[in-house]
A.B. asks: 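Quick one: structure below, then a few questions.
Only heavy atoms go into these numbers, but all of them, side chains included; no hydrogens, no water, no symmetry mates. A note on names: the letters A, B, ... follow the listed sequences, proteins ahead of strands, and every chain is numbered from 1.
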Amino acid sequence: MMELSEQEQIRRQTVKELTAMGIDPFPAASYPVSDKTCDILENFEKDPSQYQNVNIAGRIVNRRIMGAASFVEIQDDCGRIQVYFKRDDICPTEDKTWYNTVFKKHLDLGDIIGISGYVFKTQMGEITVHAQNFTILTKSLRPLPIVREKDDKTWDAFTDPEQRYRMRYLDLIVNPHVKEAFIKRTKLVNTMRDYLNEKGYLEVETPILQPLYGGAAARPFKTHHNTLDMTLYLRIANELYLKRLVVGGFEGVYEFSKDFRNEGMSRFHNPEFTQMELYVAYKDYFWMMDTVEEMVERIAMALHGSTQVQVGENIIDFKRPWKRYTMFEAIEHFTGIDISEMEEPELRETAQKLGVPIDDSMGKGKLIDEIFGEKCEAHLIQPTFIYDYPVEMSPLAKKHRSREGLVERFEAVCNGKEICNAYSELNDPIDQRKRLEEQLELGKRGDEESMVLDEDFLRALEYGMPPTAGLGIGIDRLAMIMTNSHSIQDVLFFPQMRPEKKVVNDSDETFIEHGVPAQWVEVLRKRGVHNVAEFKDLNPNKLFNDLNGLRKKMKLDIAALKLEEVQAWIEK
RNA sequence: GUCUUCGUAGCUCAGCUGGUAGAGCAAUUGACUCUUAAUCAAUGGGUCGGGGGUUCGAAUCCCCCCGAGGACACCA
């Protein structure tokens, strides 16, 4: 038995009383919902005659009882509406039980009911459903957090992040803006998918369980397949599989993919996250910049009806064209230093001068990337393309068509964070092999993130992949921006959390076998001892004192314990 | 992983330099036939995250642990 709070006990008792009255608190039959709250609120005044016989269903989120009349607020999946209950309308005969007992005493905040009635406007001018009948559809056994709102002011908002993320269902019930954000997220994905489908690209699915992981520099999650008796990894990216499909002759493929990276967590990182990766044959990275601009601008329009989006303090404007800087230009812009001609020692010196933290394992490319990350990225609020990256950091990107040491790669940065990453894809299999081998070499230098050589991927390239533009765009990051969310946990329904500790509860019998008299078992639980295993960590004197103290407090009519008895349980 | 802030009733919070745990809402009982943070009256509800220590006495001070937030690190 778990300990129930007073309110939970009362609600369980109510369930019993309803059942005893012949009312099923959890009925099986369909309820004939014919109307939505939002539709009634929006359209009632245009044509009241259409709303003389409505059926709504939803959760009771507020209640005001005035004797023989009451107002209840019902919430369904699109909003809330006030419902008016009048005793003599609910109970037209002499028997007033249905109103006085079932409605007033046996309904609680959080219960789900169905209501049939007609719509009218109260004296205060609020569109309201006048209930003629109601049906209990689900009793709620736990009290709901009570959030009250009036004129944009909120009282007792349910804000504890731990509870909000662990019990997202509660968060969704009581915090309407949370629901809004998730609806926007889905709209974002739908808009992107529509855009890609309109262009004629094919949505595909590739393996999540992979024998080798690749396509990004991150540590993977490792698992094991029993029948094959082999290690499998959860994918960190799907790039290498999608490119195989381009080799296979698909000229435009994309996938919305859950990827898994075994790295630290923060307000920008969850162990599993969503990316959309797109590969289009016969295109290059400049073409891809145009595509990203067009697609993201369309998403902003779909979600906000405007290219401008409020994000924290800033208004971000996704209107095309976005600013474009090469990486060297961006660094020169923010530091005043032109590093484009520098070699490793000079870069190292410059980084130190700029206060950029570096270590010995960093090569030329990593140093440039660090300087950019430290000095530029956070300042790029409006959407900006940063292009032409050092080759060392980009083993899958094609060599720059004219500049030595660079690759044709870009990232879009927005609100100080990377939102996408794209290249003219490397399709020279000899160069690709060399680059991947260099990554392995870097691995030996202490860089844990370097990749494993994927021979089949190289074999595919050797058959010939057309020149291809590729893109990875972070759906969670984009959703954060588009919903003005401070943290990734606000755009994931169920962000990863440490598990709640669960207390093991022993049965009465187990305690009794341990020598605890039956009437003391409940007292022990009250004291916080849930199982006999906890005995060994307890001080017998303290337990003895606490239990007899509780006996007094609970006014129990049983003999006081002796210290020897308590010692006996603990030693057993 | 490091630093830092936090954890008190179902929810939101107060509780000063240690002295028997408080409020509002929610709950229970009662009054009230158009209220809307409904109102009015009464009542109940707490291992003060867990464990240890200091003390005559700990929600409060100290240490350890658990959980969460934030910052940093990591994450091309």
A.B. asks: To the nearest angstrom, how far is Glu8(A) atom CD from G44(B) atom P?
C.D. replies: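 The distance from CD of Glu8(A) to P of G44(B) comes to 21 Å, rounded to the nearest Å.
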A.B. asks: Does the structure show a Watson-Crick or G-U wobble partner for G45(B), both distances under 3.5 Å? Name it, or say none.
C.D. replies: none
A.B. asks: May I ask you to say what Thr122(A) touches in the nucleic acid, namely base, sugar-phosphate or nothing, with a heavy-atom cut-off under 4.0 Å?
C.D. replies: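 Thr122(A): base contact, heavy atoms under 4.0 Å.
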A.B. asks: Does a donor on one side chain sit under 3.5 Å from an acceptor on the other, for Tyr84(A) and Ser70(A)?
C.D. replies: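 No, no side-chain donor-acceptor pair sits under 3.5 Å.
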A.B. asks: Assign Arg64(A) to base, sugar-phosphate, or nothing according to its heavy-atom contacts below 4.0 angstrom with the strands shown.
C.D. replies: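 Answer is base: heavy atoms of Arg64(A) come under 4.0 Å of a base.
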A.B. asks: Any base atoms under 4.0 Å from Glu126(A), or only sugar-phosphate, or nothing? Heavy atoms, all strands.
C.D. replies: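 Base: the residue Glu126(A), judged by heavy atoms under 4.0 Å, touches a nucleobase.
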A.B. asks: Report which part of the nucleic acid Asn62(A) touches: base, sugar-phosphate, or nothing (heavy-atom distance under 4.0 Å, all strands).
C.D. replies: sugar-phosphate
A.B. asks: Under 4.0 angstrom, heavy atoms only, what part of the nucleic acid is Arg87(A) near: base, sugar-phosphate, or nothing?
C.D. replies: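 Nothing, no heavy atom under 4.0 Å.
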A.B. asks: Using a 4.0 Å heavy-atom cut-off, does Phe372(A) contact any base of the nucleic acid, only the sugar-phosphate backbone, or nothing at all?
C.D. replies: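 The answer is nothing, as Phe372(A) stays clear of every strand by at least 4.0 Å.
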A.B. asks: Heavy atoms under 4.0 Å, any strand shown: does Tyr423(A) hit a base, just sugar-phosphate, or nothing?
C.D. replies: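 Here Tyr423(A) touches the bases of the nucleic acid.
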A.B. asks: What contact category does Lys150(A) fall into here, base, sugar-phosphate, or nothing, at under 4.0 angstrom with non-hydrogen atoms?
C.D. replies: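 Counting heavy atoms under 4.0 Å across all strands, the contact made by Lys150(A) is with sugar-phosphate only.
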A.B. asks: Need one value for Gln82(A): base, sugar-phosphate or nothing, where a base atom within 4.0 Å counts as base even if backbone is also close, heavy atoms only.
C.D. replies: base
